[in-house]
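All remarks here apply to the structure that follows.
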Amino acid sequence: MKVFKDDVPIYLQLRQQIEEQILARALREEESVKSLRVLAQEYKINPLTAANAINLLVDEGILYQKRGIGVFVSTGARDQIIKSRRGRFIEDTLVPAMQLAKRLEITEEEVIKKVRVIYGENK
């Protein structure tokens, strides 16, 4: 059973999990997504909650529906998710982290060295 956090609506967490599967290439373009019934059973949630997550992704063009067949990952969905999240990452994560590094007097060189280690360029 998948566990959800209490502070974020379940449908938004399910949406993010589906996006993560697309980013990790566990779900590929033109591949079908599990049915609402299966998602609801797997996550132990109401089918309407699963439908809300799927509908958000359909509205954003990440997924699309084939009437009577199912829901599928759209062509370009992964690139669309990356583009959307890239800007938020910089503003929500990177900027505050760099501001904290400055306050902690971590030098630019130390930060760059650590980034290179994380990216596997310099061990």
So [Y] and [X], do their side chains get closer than 4.5 Å, heavy atoms only?
| X | Y | value |
| --- | --- | --- |
| Gln16 | Arg85 | yes |
| Ile54 | Leu39 | yes |
| Leu14 | Thr49 | no |
| Val58 | Tyr64 | no |
| Glu110 | Lys114 | no |
| Phe72 | Glu31 | no |

Answer yes or no: is there a donor N or O on one side and an acceptor on the other, between the side chain of Gln80 and the main chain of Glu60, under 3.5 Å? yes
Arg15 (side chain) donor-acceptor with Ala53 (main chain) under 3.5 angstrom: no
Enclosure of Glu108 CD (heavy-atom neighbours >12, cutoff 6.0 Å): no
Test Arg28 against Val73 for side-chain contact (heavy atoms from CB on, under 4.5 Å), laying out the working first. CA-CA 7 Å; Arg28 297 188 178 272; Val73 178; over 6 Å; no
Side chains of Ser74 and Glu29, donor plus acceptor under 3.5 Å: no
I'd like to know if the side chain of Tyr43 pairs up with that of Gln13 as donor and acceptor (distance under 3.5 Å, no hydrogens or angles considered). no
Rounded to the nearest 0.5 Å, what separates atom [atom1] in [X] from atom [atom2] in [Y]?
| X | Y | atom1 | atom2 | value |
| --- | --- | --- | --- | --- |
| Asp79 | Lys83 | CG | NZ | 10.0 Å |
| Lys34 | Leu27 | NZ | CG | 8.5 Å |
| Leu48 | Asn55 | CG | CG | 10.0 Å |
| Gln17 | Leu12 | CD | CG | 11.5 Å |
| Glu30 | Thr75 | CD | OG1 | 3.5 Å |
| Ile62 | Ile81 | CD1 | CD1 | 4.5 Å |

Phe89: ring pair (Phe, Tyr, Trp, His ring centres under 6.0 Å) partners, not counting sequence neighbours: none
Please assess Val95 against Met98 for the test side-chain contact (heavy atoms from CB on, under 4.5 Å), listing each intermediate value before the final yes or no. CA-CA 5 Å; Val95 169; Met98 295 299 97; 6.0 Å; no
Between [X] and [Y], is there a shared hydrophobic cluster once you connect ILVMFWY residues whose side-chain heavy atoms come closer than 4.5 Å?
| X | Y | answer |
| --- | --- | --- |
| Leu56 | Leu36 | no |
| Ile106 | Leu100 | yes |
| Ile112 | Tyr119 | no |
| Val38 | Ile45 | no |

Looking only at heavy atoms, which two atoms of Ile90 and Pro96 are closest? And how far apart? O-CD, 4.4 Å
